[in-house]
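Reviewing the structure listed below.
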Amino acid sequence: MPSNERSPTRRRFLRSTAALVGAGTVAGCGGSESASSSVSNAPGDDPPDDAVTDPPAVVLRAPRDVAVLRERGSDAESAGTDEIREWTHSLVADADAAASVSVADVDGATAARRFLGETDFDTETVYVERHVVGECYERRLCWIRWTEEAVETSYARVLRAADVACSADTGVGVTHLIRLPAALDPDSVSSFSSSGGSGVCRSRMESEDAGTEVEP
Amino acid sequence: MTDGSGTRFGRRELLSGAAATALGALAGCVTQFVDESPPTIDGSDLRAATRGDPPAVPDILPVDIEASFVETLRADARSKLDGTPAPFDEAEIPNGVIRGRLNDAYDDALRSIRDASGAPTSYERLAHAARSRTSAHEVEAAWDGISDELTAADLRASIPDVNRAVDGLASTHAYVGDGPVRAAVVHADLERRIGGARRWLSVSDREFAAATNALYLAEIAADIERARVDVAVASYLFDRFRGSLDAATDHHDRLTDARAALETRIHDRADPVPEERVDDATSLVDRDVGTTAGVRALEELAWEARSRIEQVRRAEDAADPASDVVGAASVLTHLGAFGRLRNRIEGGDDVAVDTAADVGELRSAAITAVEAAGSVERGQVLADAIRPRFAREVERVDGRLDDGRSEVRVASAARDAAGYVRIAALCLSLPEAVGTTATTLLEST
């Protein structure tokens, strides 16, 4: 396939890749995409009625300058370690796109590949969202909700145990791969939002084991 | 706790989600239109204008506090610290956030232990000693949590005993006193501690569930310790105060009556203060004047007065009559300051800032007013309870003006210097407000 021509599948994933490296996913002034959230969706609040609080998910931690997921064969430079942003997001919506994703050699990579491979893209979509968080914290998914046009997430930031060696001044990238029970069209999803706060997820008080994080 | 960017969150902030952050908020979308050459003041001139010690007005309480009691609290703090290897290194606590937070608590405990012997009044020394014990307890509890010697269940189980101690104190607390003004000040302190202890002990199931690591455990432990300290200090102060009285009178009914009378007086005088914060501060004066330092101070006083009036309204159950009376004196001070400053501006004084010398004059006026408020005809004990916070604010305004800038916009300096105007107006109004409050107390039955 010529490098300057992209099949619909590749284009669909490129949209994702761009998101993963933070290119053009968050609208600036006058931008066409919306990206907003509300502090009312803090982890201490009840999840919205239409939110899923415990979706199948895999979580990867990696140094903040490592792009954990990228399109296979893409130019490493353009994939951009120098353009890692605080928040990136994308959708993997079909098997070809999933097959074109390479996972960096970090702990949990095998689980992530398996997760993508086991997804039934006829009825499911994988939402990939990455945040930069302090090394001494976990970022736990409280809930996710979606429509054909929008995806919204809420997270809790939780301090890791005292015996975990980490620096207060270092950030890491935490990437969530979240399987949604809906076949979304990435071209139709134009709005992404994510809120986060310190504390615990209200819906997770009795179930803390979802989205088990894979330590590096 | 910091998030790596230096932001510090408390346990309750964490649990309430008040520290929630929203991603995707788009910054940088506002185009700022800036005057090409706004007038400025030389930073060194401004520093010179704010030079000189701010007035030192220590906190006092009209109760004889023994050095031995303060020393007991300090000794408790030292003992708690000695039981840990603090300050912690990476081997002891690998998690950098937890280590940093606990070493901050350790430093705070040491500083408080030191200040508990060096502060100018026994009341301030007591405050530092109390703080040293809670900070040291946080360090100790965290280390116990790390060592698996303290659990959330342990903390939960410890609360009923402290609650019983609070209940016991509340049931024996009586509004005894000799003079009603002194009684109001002392019992306001006791009410604050009893109420504070109850609040510190209100740890929810969610908070316990969230205590998944040693730091969160320590924060809950520190709250419970604050309650213990509040009870211990309040019990001590009550015993000392009661023991000092030759002939004790119960002032509860008098305080309650005075509270009602003061509330009426406040409402009678509140009309000139707008119900909401105004969009245009100059609308507060019946005169064509710009948004000068004086007008800004007037706006701040109006807002503070209205907020305090609402607090008085909310406290209608009169559960803490002594605190309500002291609070009423503060409201009257703000109302008086608002009226005084408004009259001044409407009388032709712009109270404006154009130069560093203007700032210096406003600062001098504030300091003079703070000092003059140290002696009042009636209600001295009450004035002594309120005045220190105004004095401390002079230093805060100094800090805002003296921030190392080489040049400061006049508008910025005026905004900060409004703090001096506000302090002066409040201190000039304090004698009348505490006099009114004292008279109301004496005339109540």
Side-chain angles (χ1 to χ4, degrees), chain A residues 25-31 33-45 85-87 89 129 131-138 142 152-171 191-202 204-206 208, chain B residues 1-31 88 90-104 142-148 204-219:
Chain A
T25 55
V26 179
C29 300
E33 291 181 306
S34 67
S36 62
S37 67
S38 166
V39 292
S40 66
N41 289 333
D45 295 337
R85 296 188 179 181
E86 300 295 305
W87 174 47
H89 49 77
E129 190 165 51
H131 297 85
V132 174
V133 302
E135 189 182 21
C136 295
Y137 294 91
E138 295 176 18
C142 294
E152 181 181 3
T153 54
S154 178
Y155 292 87
R157 192 186 66 162
V158 179
L159 191 58
R160 301 167 81 188
D163 59 358
V164 174
C166 57
S167 164
D169 304 318
T170 300
S191 174
F192 299 88
S193 58
S194 181
S195 59
S198 299
V200 294
C201 301
R202 179 170 288 274
R204 292 188 154 224
M205 296 297 293
E206 297 175 358
E208 294 287 340
Chain B
M1 183 187 315
T2 68
D3 62 357
S5 61
T7 306
R8 191 178 177 98
F9 299 113
R11 177 170 68 93
R12 288 190 159 73
E13 272 185 292
L14 299 184
L15 294 161
S16 69
T21 55
L23 289 175
L26 304 178
C29 295
V30 179
T31 302
F88 303 104
E90 287 184 37
E92 288 151 350
I93 303 181
N95 186 309
V97 168
I98 296 178
R99 184 175 66 250
R101 171 65 184 273
L102 294 178
N103 282 340
D104 285 347
W143 186 244
D144 287 347
I146 290 168
S147 310
D148 293 329
S204 69
D205 289 344
R206 288 199 73 240
E207 290 175 289
F208 278 118
T212 53
N213 66 52
L215 184 58
Y216 295 156
L217 276 179
E219 289 178 339

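Every chain is numbered from 1 and lettered A, B, ... according to where its sequence line falls, protein lines coming before strand lines.
In this structure, Asn95(B) contributes its side chain and Ala161(A) its backbone to a donor-acceptor pair below 3.5 Å.
Counting heavy-atom pairs closer than 4.5 Å to chain A, the top-ranked of the candidates Gly96(B), Gly100(B), Pro94(B) is Pro94(B).
The shortest heavy-atom contact between Ile146(B) and Ala162(A) is CG1-CB, 3.8 Å.
Between Ser167(A) atom OG and Glu90(B) atom CD the span is 8.5 Å, to the nearest 0.5 Å.
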